[in-house]
Amino acid sequence: MTDPAPSVVRPEGPWTHRDIAANGARFHIAELGDGPLVLLVHGFPQFWWTWRHQLVALADAGFRAVAMDLRGVGGSDRTPRGYDPANLALDITGVIRSLGEPDAALVGHDLGGYLAWTAAAMRPKLVRRLTVVSMPHPRRWRSAMLRDRRQTAAASYIWGFQRPWIPERHLTADDGALVGRLIRDWSGPRLPDDEAVEIYQQAMCIPSTAHCSIEPYRWLVRSLARPDGIQFNRRMKRPVRVPTLHLHGSLDPVTRTRSAAGSGEYVEAPYRWRLFDGLGHFPHEEDPVGFSAELVNWLKDPEPDR
């Protein structure tokens with residue numbers, strides 16, 4: 001399994017696979033449906049496939065649903081550089097433009113949520129609505145990681161990523177067994193099925209994926225006291241001015257509810273906080289029907305509440 005076939009990240013389904021160019025790299029997407037664009041961005045340790053349920057639900061609801069692989073993951077290019085959040089956010093907005101759309105409703109989970117916050121602040125004209133799952137606003141995340149001992153402990157894996165090479169070896173050892181453990185440990189009582197976990201493990205074992213998956217987290221920590229990190233944190237003071245839906249699992253062991261709650265202070269637009277009782281870090285996979293209904297209803301609401 002050290003060199004999985006590309007079919008691992010391009011499984012057959014009702015969706016269509018495509019490669020598109022954006023921000024100096026090539027990105028793999030899976031798309032389904034016609035209508036207003038909804039762009040879905042995955043987190044760690046996953047790839048676009050985490051949104052397989054939502055692609056169908058959104059397409060059935062009259063949207064053009066597109067799930068992308070982030071730089072360095074899945075079927076996208078593995079470039080030697082470009083894993084800071086500002087550049088990764090420009091990857092996302094570049095994909096929106098390459099899809100020929102004026103804007104998108106942006107949905108991001110985990111790291112993808114961090115980047116979605118960033119994209120909405122940096123390129124507000126390209127983001128029609130924002131949905132963030134299991135991730136606080138970047139300024140809230142930074143504050144919690146530095147000042148909240150419980151959050152620091154909950155995200156101990158991020159500190160462990162700062163070592164050179166060792167984390168990559170751990171992620172790919174035993175056919176990606178650590179990926180399976182992380183997904184199960186971070187989920188609530190509704191554990192993902194073994195087949196889904198196996199696919200994530202195989203995808204992580206594609207050469208260079210583990211390294212590229214870790215690089216964004218290395219930047220987030222190592223830049224805390226560097227000028228580029230301080231400058232990025234200042235840029236994130238710019239408020240989000242699009243309707244925002246913030247979704248979180250009450251049993252999320254990685255991102256504490258206390259860390260995520262309160263992100264609305266950075267939103268100068270209708271902001272809705274929704275806590276899913278009994279779900280963990282992956283609410284869109286743990287309860288795909290309930291999650292998709294919440295997302296679709298909010299996207300179709302012409303006047304989302306504050």
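A salt bridge does not link Asp174 to Arg181: none of the charged side-chain nitrogens sits closer than 4.0 Å to a carboxylate oxygen. Between Arg10 and Asp19, at least one side-chain nitrogen of the basic residue sits less than 4.0 Å from a carboxylate oxygen of the acidic one, meeting the salt-bridge criterion. Classification of Arg81 and Glu215 as a salt-bridged pair fails, no side-chain N sitting under 4.0 Å from a carboxylate O. Ion pairing between a basic and an acidic side chain is recognised when a charged N comes within 4.0 Å of a carboxylate O; Asp194 and Arg184 show such pairing.
Across all their heavy atoms, Thr255 and Pro136 have their closest contact at CG2-CD, 3.4 Å. Nearest heavy-atom pair, Asp301 versus Arg272, reported as atom, atom and distance to 0.1 Å: OD2-NH2, 3.3 Å. Pairing each heavy atom of Ile96 with each of Leu37, the nearest pair is CG2-CD2, 4.3 Å. Listed here is the closest heavy atom pair of Pro189 and Gly278: CD-O, 3.2 Å. When every heavy atom of Ala57 is checked against every heavy atom of Val296, the shortest pair comes out as O-CG2, 4.3 Å. For Met236 against Pro138, the heavy-atom pair with the smallest separation is CG-CB, 4.0 Å.
The side-chain heavy atoms of Val56 and Pro14, taken from C-beta on, include a pair separated by under 4.5 Å. Contact annotation: the side chain of His137 never approaches that of Thr244 to less than 4.5 Å [non-hydrogen atoms, C-beta and beyond]. Two residues are said to be in side-chain contact when any heavy atoms from C-beta on lie closer than 4.5 Å; His109 and Phe282 meet this criterion. The shortest distance between side-chain heavy atoms of Asn87 and Asp91 falls below 4.5 Å. Taking 4.5 Å as the limit, some side-chain heavy atom of Leu130 sits within range of a side-chain heavy atom of Val240. With contacts defined as side-chain heavy-atom distances shorter than 4.5 Å, the pair Pro45/Ser213 does not qualify. Leu40 is not listed as a side-chain neighbour of His284, based on a closest heavy-atom distance of 4.5 Å or more. Residues Ser76 and Leu70 have side chains not in contact (no heavy-atom distance under 4.5 Å, counting atoms from C-beta outward).
Side-chain atoms of Glu268 never come within 3.5 Å of backbone atoms of Val242 as a donor-acceptor pair (strictly under, hydrogens ignored). With hydrogens and angles disregarded, a donor-acceptor distance shorter than 3.5 Å links the side chain of Thr93 to the backbone of Leu90. With hydrogens and angles disregarded, a donor-acceptor distance shorter than 3.5 Å links the side chain of Gln201 to the backbone of Asp175. Formation of a donor-acceptor pair under 3.5 Å by the His246 side chain with backbone atoms of Met135 is found in this model. Side chain of Ser187 to backbone of Gly280: no donor-acceptor contact under 3.5 angstrom is found. In this structure, Asp69 contributes its side chain and Gly75 its backbone to a donor-acceptor pair below 3.5 Å. Checked by atom type and distance alone, the side chain of Ser134 never pairs as donor or acceptor with a backbone atom of His248 at under 3.5 Å. The backbone N or O of Asp148 sits nowhere less than 3.5 Å from a side-chain atom of Arg258 that would complete a donor-acceptor pair. The closest donor-acceptor contact from the side chain of Arg26 to the backbone of Ala22 lies at 3.5 Å or more, if one exists at all. The backbone N or O of Val8 sits nowhere less than 3.5 Å from a side-chain atom of Gln202 that would complete a donor-acceptor pair.
Centroid-to-centroid, the aromatic rings of His42 and Trp51 stay 6.0 Å apart or farther.
Ring pair Trp49/Phe47 is parallel by interplanar angle, where below 30° counts as parallel and above 60° as perpendicular. Ring planes of His17 and His28: parallel class, angle under 30° (limits at 30 and 60°). Between Phe44 and Tyr157, the ring planes are parallel. Angles under 30° get that label, and only those over 60° would be called perpendicular.
In the model, Glu31 has no side-chain atom that pairs as donor or acceptor with a side-chain atom of Thr16 under 3.5 Å.
When Arg139, Arg140, Lys237 are each tested for a salt bridge (Lys or Arg N to Asp or Glu O under 4.0 Å) with Glu265, only one passes: Arg140. Each of Phe232, Phe161, Tyr114 was scored for a ring pair (Phe, Tyr, Trp, His ring centres under 6.0 Å) with Trp219, with one residue passing: Phe232.
The ring pair (Phe, Tyr, Trp, His ring centres under 6.0 Å) contacts involving residues 53-90 comprise nothing, where partners must be two or more places apart or lie in separate chains.
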Would Leu39 and Ile29 count as a side chain to side chain contact (heavy atoms under 4.5 Å, CB included) if you check the C-alpha gap in whole Å, the side-chain angles of each, and the deciding distance to 0.1 Å? CA-CA 10 Å; Leu39 182 61; Ile29 64 167; 5.7 Å; no
Start with the C-alpha gap between Trp117 and Val267, add the side-chain angles, then the distance that decides, and say whether side chain to side chain contact (heavy atoms under 4.5 Å, CB included) holds. CA-CA 10 Å; Trp117 281 117; Val267 181; 3.7 Å; yes
Quick one, Leu58 with Leu299, criterion side chain to side chain contact (heavy atoms under 4.5 Å, CB included). Give me CA distance, side-chain angles, the key distance, then yes/no. CA-CA 10 Å; Leu58 288 165; Leu299 289 172; 3.7 Å; yes
